[in-house]
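Heads up: the structure comes next, in structure tokens.
In what follows, chains carry the letters A, B, and so on, assigned in the order in which the sequence lines appear, proteins first and then strands, with residues in each chain numbered from 1. Only heavy atoms go into these numbers, but all of them, side chains included; no hydrogens, no water, no symmetry mates.
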Protein chains: 2
Amino acid sequence: MKRVTIKEVAAKADVSYQTVSKVINHKVEVLPETAERIWSAVEELGYRPNYTARSLRSQRSRTIGYTWSPTPHGLTNPILDQFLQSMFLTAEQSGYYLLCFPYHEENERQLQVYAELIDTGRVDGFVLSSVEYNDARVQFLLEREFPFVGFGRSDDEALFPYIDVDGGVGVYQSVVHLYKGGRRQIAALAWPEDSRVGNNRMSGYFNALKDCGLPINTHLIARGAGNYEFGYQACDEFLQLPRSLQPDAIVALNDYMAMGAMAAIQNKGLVPGEEIAVTGFDDNPIVQYLRPSLTTVQQPIWDIGQKVIEMLVYQLEEGKLPDPLCTLIPPRLIVRQSSQPKTDTGKE
Amino acid sequence: MKRVTIKEVAAKADVSYQTVSKVINHKVEVLPETAERIWSAVEELGYRPNYTARSLRSQRSRTIGYTWSPTPHGLTNPILDQFLQSMFLTAEQSGYYLLCFPYHEENERQLQVYAELIDTGRVDGFVLSSVEYNDARVQFLLEREFPFVGFGRSDDEALFPYIDVDGGVGVYQSVVHLYKGGRRQIAALAWPEDSRVGNNRMSGYFNALKDCGLPINTHLIARGAGNYEFGYQACDEFLQLPRSLQPDAIVALNDYMAMGAMAAIQNKGLVPGEEIAVTGFDDNPIVQYLRPSLTTVQQPIWDIGQKVIEMLVYQLEEGKLPDPLCTLIPPRLIVRQSSQPKTDTGKE
DNA sequence: TAACGTCATGCGAACGTTCGCATAAAGGAA
DNA sequence: TTCCTTTATGCGAACGTTCGCATGACGTTA
């Protein structure tokens, strides 16, 4: 597997190999005819600069590291594919590639991998996703002053470039939409209070209730694991409340909980979207096929992937932090059958 | 961002830097006390060999390239996450990482990217997935004699290392399972005949019918796009056949078609799994939540990811093709509610 | 005591680039 | 004619390793 080197090009073009390098990298002006000779030699020999040699000399790998926490067994990550593809494509346009490496549950071990990639010079920067409160990776990378961009925020004090979806806005839209459909007892299926993403989304719930003039009923807020089973069980408990306390709408902070809730409703012989409306979050492609199809909140994943890479590449090329440092993107409410307006059947 | 080099370690351990290199790579025996000095210097300085320099000298990148065709909009790839994670982890154990790059629809353009990665020396080998008949990438890599392993087969003549799921076995199991449940008119929802994966799976359908002593009814075989819509429509047409020609079971070659079929059945006021059984393929995590939950065929994705990498790493390290060259893995039938035994209601 | 193997380590070169400075040729001003 | 600029290209070094061979010290044998 013989590779063409810059020296062969130089020999063919009858210049020194250093000159070839300069011409290729547009570092210097040469006579048009020299340039012509060089470029045609490059063409004819099919020369491609050796990536490794280039990195060694320039001390840059033109590689971005990324890992993500794997989807728990029995679930799918609805945005992973699109997120990755959008990053790959955007990175390629600036001459970067993504190095993907395994996720390790154990914090210590995970940081070791980050350190390894930095110390061996394999990557120039990282993309982090699922950033949480007090994120060890954020702290580590800030300390080492190594470039990275987060998809998701951490503590308010941690200053670093990130892009995030404003989940609050999404949930706000859901609640208002339900309110306009005549719903007045709007319950929430949420994560525990130590979830950053969860709190962000819940803020939209609280704000919307307030703006609609509805009271906050703590018995209508359930917090748990965020999966189908929890959604089912929590909803089941709502349905065991006295009639007047039962919700007529349920806002779930993700699609899995929403699906669980829908199942619980159906099991009681009720129809989601009629007696009780349900909304989800994430727009898992599957939910359009549910019966009834699920109203949910969609994140502009493609744009996010693009933006994350653009922010990181800017840092790497310009050597300074992007401005603005952080970006919040509003998600979009997708209305489907599960949140029809309330039909006044005279009940209550 | 000062990095520790091998020379600093050498200085500290009071040996030549070449000796440090040899000790680190276990290329030579030294006095125990020398080794001790070297290792503790490594430890104290936190030395990590520079990846780029190492690659340049050894002409190996210890990097594996991978790309995949993105999931069409509105669908999710149920196995992507697990497949990637298993590859990352297995690769890491042998000191490799995966370089992921964008997928380009256009064949020409896609091959350019493969060529680029080869010529610039960025990767040592590739993993290909969704290999099809007459696959341009296979041909290209074989010609250039560049190492790769496929997840999926191509033409029978193309000789290259691959691992594949024996879809035929999976469908065979489905059909036999349905037969044992008393089903006798078993329809198939398939892809067009130019689909390699499709033909492999269909072979199991034909073999099973034969082994069960059932005739092949061409009116019970529908071929199309492989999505939800096609499944719905094709099933709907089955249901418009005269009663005696209608299927009492439907084997879909993927879960999306199965879901479409289930919806069509429900729309006729029938219950999937009772009057008409339905099975899918892929075990998309979502299908366990359908009502009724879907019987389907599960591929051992984790094992496949592991094996693919092992085969490739073997090639890279040993310089020879793995033996056996190819591996076929049987999938597993997951029985759920949608394929209950037929209850003899006396109809027909 | 000379000759020889063996063991532990050192040394120079190479991998394929980029970078900064040196230099030769050509042109213009004094 | 001399000297100074400018322009086009060359040259040596460096990036941080690994590799193969060289070498010096030591012990063994005749």
Looking only at the side chains, is there a donor atom on one of B:T120 and A:R3 sitting less than 3.5 Å from an acceptor on the other? no

From CZ of A:R122 over to C1' of D:dG16, roughly how many Å is that when rounded to an integer? 15 Å

Atom-to-atom span, CD1 of B:I6 to P of D:dG16 - whole angstrom: 11 Å

Interatomic distance, B:R54 CZ vs D:dC19 C1' [rounded to whole Å]: 14 Å

Measuring to OP1 and OP2 of C:dC19, would you say a side-chain N or O of A:K27 lies under 4.0 angstrom away? yes

Are the side chain of B:T76 and the backbone N or O of A:P78 linked by a donor-acceptor pair below 3.5 Å? no

Sequence neighbours left out, cut at 3.5 Å: what donor-acceptor pairs do the side chains of residues 99-114 of chain B make with other protein atoms?
unit_1: B:H104; atom_1: NE2; unit_2: A:E92; atom_2: OE1; d: 3.1
unit_1: B:H104; atom_1: NE2; unit_2: A:E92; atom_2: OE2; d: 3.4
unit_1: B:Q110; atom_1: OE1; unit_2: B:H104; atom_2: N; d: 2.7

Near-strand residues of residues 29-44 of chain A, defined as heavy-atom separation under 4.0 angstrom from DNA chain C: none

Contacts satisfying side-chain hydrogen bond (donor to acceptor under 3.5 Å, both in side chains) that involve residues 313-326 of chain A (not counting sequence neighbours) are A:R60-A:E317, A:Y96-A:E317

If the cut-off is 4.0 Å, is B:R3 near the phosphate of D:dG16, judged by side-chain N/O to OP1 or OP2? no

Can you run down the salt bridge (charged side-chain N to carboxylate O under 4.0 Å, His left out) pairs that involve residues 9-25 of chain A, sequence neighbours left out, and say none if there aren't any? A:K12-A:E44

Say whether, by atom type as modelled, one donor and one acceptor occur between the side chain of A:T19 and the main chain of A:V15 under 3.5 angstrom. no

For D:dT18 and B:Y51 - does any side-chain N or O of the residue sit under 4.0 Å from the phosphate oxygens OP1/OP2? no

Sequence neighbours excluded, which residues qualify as salt bridge (charged side-chain N to carboxylate O under 4.0 Å, His left out) partners of B:R57? none

Strictly under 3.5 Å: I want the nitrogen or oxygen pairs between protein and nucleotides 10-15 of chain D, one per line.
unit_1: D:dG10; atom_1: OP2; unit_2: A:S16; atom_2: N; d: 2.7
unit_1: D:dG10; atom_1: OP2; unit_2: A:S16; atom_2: OG; d: 3.3
unit_1: D:dG10; atom_1: OP2; unit_2: A:T19; atom_2: OG1; d: 3.0
unit_1: D:dG10; atom_1: O6; unit_2: A:K22; atom_2: NZ; d: 2.6
unit_1: D:dG12; atom_1: N7; unit_2: A:Q18; atom_2: NE2; d: 3.3
unit_1: D:dG12; atom_1: O6; unit_2: A:Q18; atom_2: NE2; d: 2.8
unit_1: D:dA14; atom_1: N3; unit_2: A:R57; atom_2: NH1; d: 2.9
unit_1: D:dC15; atom_1: O3'; unit_2: A:Q59; atom_2: NE2; d: 3.4
unit_1: D:dC15; atom_1: O2; unit_2: A:R57; atom_2: N; d: 3.4

For the pair made of CZ in A:R60 and C1' in C:dT17, what is the distance, rounded to whole Å? 15 Å

Partner set under side-chain contact (heavy atoms from CB on, under 4.5 Å) for B:L328, not counting sequence neighbours: B:R153, B:D164, B:D166

Contacts under 3.5 angstrom, residues 28-42 of chain B side chains, donor-acceptor by atom type, not counting sequence neighbours:
unit_1: B:R37; atom_1: NE; unit_2: B:A13; atom_2: O; d: 2.7
unit_1: B:R37; atom_1: NH2; unit_2: B:A13; atom_2: O; d: 3.2
unit_1: B:S40; atom_1: OG; unit_2: B:E36; atom_2: O; d: 3.0
unit_1: B:S40; atom_1: OG; unit_2: B:R37; atom_2: O; d: 3.2

For A:F160, what residues pass the ring-ring contact (aromatic ring centres under 6.0 Å, His included) criterion, not counting sequence neighbours? A:F148, A:Y162

How would nucleotides 23-28 of chain D be written as a contact map, 5' to 3', with B for base contact, S for sugar-phosphate-only contact and - for no contact, using protein heavy atoms under 4.0 Å? ------

Closer than 3.5 angstrom, by distance alone: can the side chain of B:D119 be matched with the main-chain N or O of A:R48 as a donor-acceptor pair? no

Read 5' to 3' with Watson-Crick or G-U pairs under 3.5 Å, [ ] for crossing pairs and | for partners on another strand, DNA chain C gives ||||||||||||||||||||||||||||||

Measuring from atom CZ of B:R122 to atom OG of B:S61, what distance do you get when rounded to the nearest 0.5 angstrom? 9.5 Å

For D:dG16 and B:T5 - does any side-chain N or O of the residue sit under 4.0 Å from the phosphate oxygens OP1/OP2? no

Residues passing the ring-ring contact (aromatic ring centres under 6.0 Å, His included) test with B:Y66, sequence neighbours excluded, are B:W68, B:F83

